[in-house]
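Heads up: the structure comes next, in structure tokens.
To find a chain, count down the sequence lines: A is the first, B the second, and so on, and within it residues start at 1.
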Amino acid sequence: LVRYFQTEVHLPNRKEGTMNALRGSIVIIVILGLIVFVSTTNSSAQELAKEQVVVYGMPAGDVGPVDPVGPGSVAVHTAPVTHHVYDALVRHPIGDGSSPEFEPDLATNWEVSPDKLSWTFHLRKGVKWHVGFGEVTAEDIVYSLNRSKNSKVSAWRANYANFKEIKAIDKYTVQITTAKPDPFLLSKVANYYGGMIVCKEATEKAGAFDRLLGLTKEEFVGTGPFMFSEYKPKDRIVLVRNDDYWKGKFIIEKLIFRYIPDAGAREAALLKGELADTLGLYDAKWIRFMRSKGLIVTPLGPGDLKALYFNLTVKPLDDKRVREAIAWGIGQEEAVKQQGEEISRILTSPVISDAWGHIDAGWAKYKKRDPEKAKQLLAEAGYPNGFTIKLFMSTGPWFLDKMVLYQGLLREIGINLEMTLVDDPIYQANVFKDLNPIVIKGGRYALATYWLRYFYHTESIVNTPKASNNFMHYSNPEVDRLIELAETTFDKKAQLDSLAKVQRIVVEDLVSVPVVETLLPDIRSPWLDLGYEPKSNFITLEEIGPKTRILKH
Amino acid sequence: LRAYIFRSLGRALVTMLLVMTLMFVILRLGPLDPAHFILGDYATAETLRNLRESLGLDRAIYDQYLVFLSKMVRGDLGFSYVNKLSVLSQLLDVLPYTLELVVGGLLVGILLGIPPGVIAALKPNTIFDQILQLITAVGISIPTFVTGILLISTFSLHFDLLPAIGGGEGSNLKSHILHLILPAFSCGFLMMASIARLSRAALLDVLKKDYIMTARSKGLAESIVVLKHALRNSLLPLITFLGIYINILLGSAVLVEVIFTRPGVGRLIVESIKMGDFPMVQTLLMLYAGTVVVVNLIIDITYSFVDPRIAFK
């Protein structure tokens, strides 16, 4: 072809003309042939596999309680399961969980009263519960949200404390009245944690208002696109397609969640084609290797924000100069180098960059480490020779790799971290018992108010009645006031202003030091065609959408 | 013999009771908090307290222990804290997988260990013997988890012959066998090496004995000398070893089950410990302890059949 087009252009004689015509025909035939070839290979690639089964490699040993009021509704070992079984009044758009917009789900539309204290939701008619529990009515919604608010085992009681009354106006209308205005109410009735709706009849029959629902067909009942079929402890959960799903049945017929805690085993199974989707390693080299094998790696948001939280009641961490020395001593770039740029973001604020209300509050100045500055600050604080600090550390790779890195970096400035390694559940238990002077912790909230409330509000101090993640014992009345204002005002400008102020104060007080923001390295086989563009979600693995399908492979 | 068995049973029961009590106390004094695992990081102190109350974890340890004992006596193993399913049903679900693995490992060890050992003993210091010594040295030095990973990368990923993970689909026998081959080899490889060495040494030792010389001088065929006189006598140390090895196999099975993501008792224990699922951990560890005790008992009794000279005093 190249030689043909390189032939000099001149007026042809008759013989040349015939030759040229012949050449032309050959070229046309070749091009047509190519087109036919490409289109047939494409069409065969687009052909569906006989079995439309998605096998997930779950990066955990077993599932947790499959109950919206349990913590599993946000945890990696359970969220991908519950997400496909339960619906909610509204839902996060598929593939974009960080979006501040919500889509109608069990509710078709809703309105807020002028005083902003009352929300009315109009329900979709004819939505059926799995396994014959009849139609979804306002009673189910009232029961379910009341359970999130009042059940003795609800991990989310604090989040629903502001719901003063939840009542059924008629069979298809629900009204939620709040004690204080709540501009973020939709996030609490969305398909995430306590917002997922359970079946009143099934739950009452099981006597499970005050206990967590079990993994049985009688108790694990939702209205979503898939329904529970089988559970083999520490091995797998199988969901089958709900053919009566109100949006119409999905292409995928079955979801199998296989529990594979060992990363090596997940990798082997993925390379062998035994898994469709799993969570990859936080390692740039590994990601490159898997891509070279034809697998698709998608960095998924919202980012996981990791930071070091200092107990301000412990010496010498009560001295801001010491904390700043640590910030300069570790530098965010070091963690980025460790896990690779593709899945890393430099933190600019104590809330994740995807969160609504996030601003650049100045954390990025600790991007590049500066050991000299760190030593100088330590000397000013009265520790020219550094100090030793003892802490428990989780053997979970998501923390340990960073802390081992920091142990080396901090030793350079004279700070000696003496870490006692414990299994992750013990580490988690210990930090909530206030046993660690420095806590490394991550989280993936897409709402700035949640971050700030859980980590920086006085009420969240560990070992107190409403304890949450305030490991620092940080108590700043101005911060509390601004968080509460942001939580209650519908005035977007005032809300953003107060959120911005809190972030600046927290960075100024430097009660926590940035580690890095990490996107999840989701990895899937090329034959899993999601049918949407994955950007972010809360279930750690890819969601199954109505157009998701398995291609022939 | 009967008195011996009764005495052994008595000792076994006391051992089990001690193990059970120790486990119970250690689990509760340890740092694991089941309520925290079940309710997660964002649970409030109040909900954690509520759950501990409903699980009975707020009571004094001796009080909890009495409840546990009385249930044990009635054969009630309780329910998992995490998934609310009966401990017994979960155990019965996975037990066949572990038995498959242990039996598979034993078969690999015995069938591939004894014959080369015997041949090497009959032809000592030949090239065959040298090669066997080398292979067994390698076999003994490589830990089970390394063997497992090497087998997966070679036979699953490189040659694509066998599945990489899992324990087989449903009741499909072919799938179960295909899923068993690599795990059984990684469990049995170490054993095969040890058995080959042991059977070689034991047989060499016996072949030097006077009665073998007598048998040979009687003009018996060499095959009868070896099979009837020498091999039977060299089995004794092997049986002791097999007893110890079944216990080691149960330990290796935990690792192999994790590496191959096979369902099984080992994985059930590991994950239950991580989750602080006390009822599961208690029962499963009891099962392990019980197996060790029973296997030792069986080995003691087997001695008498193999070598009637051993008297039970």
Interface moiety of [X] toward chain A, non-hydrogen atoms closer than 4.5 Å:
X	value
B:Leu85	side chain
B:Asp93	side chain
B:Ser156	both
B:Tyr81	neither
B:Leu162	backbone
B:Ser153	neither
B:Ile152	side chain

Contacting region of A:Arg258 [heavy-atom separation from chain B under 4.5 Å]: side chain
Just checking heavy atoms, which of residues 186-193 of chain B are less than 4.5 Å from chain A?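 If one takes a 4.5 Å heavy-atom cut-off, no residue of residues 186-193 of chain B lies near chain A.
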What residues of residues 18-28 of chain B make heavy-atom contacts with chain A at a cutoff under 4.5 angstrom?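 The list, in residue order, is empty: none.
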About how many Å separate NZ of B:Lys274 and CG of A:Asp62, when rounded to the nearest 0.5 Å?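 Interatomic distance, A:Asp62 CG to B:Lys274 NZ, rounded to 0.5 Å: 10.5 Å.
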From CD1 (B:Ile165) to CG (A:Asp262), nearest 0.5 Å: 10.0 Å
For the backbone of A:Pro233 and the side chain of B:Gln90, can you confirm whether one donor and one acceptor N or O come within less than 3.5 Å of each other?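 Looks like no, no N/O pair under 3.5 Å.
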Are B:Glu271 and A:Tyr259 close enough, and set up right, to give a side chain to side chain contact (heavy atoms under 4.5 Å, CB included), and what steps lead you there? CA-CA 10 Å; B:Glu271 299 308 331; A:Tyr259 286 85; over 6 Å; no
Of the non-hydrogen atoms in B:Arg267 and A:Gly61, which two are nearest, and what is the gap between them? NH2-O, 3.7 Å
What are the two closest non-hydrogen atoms of B:Met275 and A:Val63, and how far apart are they?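 Smallest heavy-atom distance, with atoms named: CE-O, 4.2 Å.
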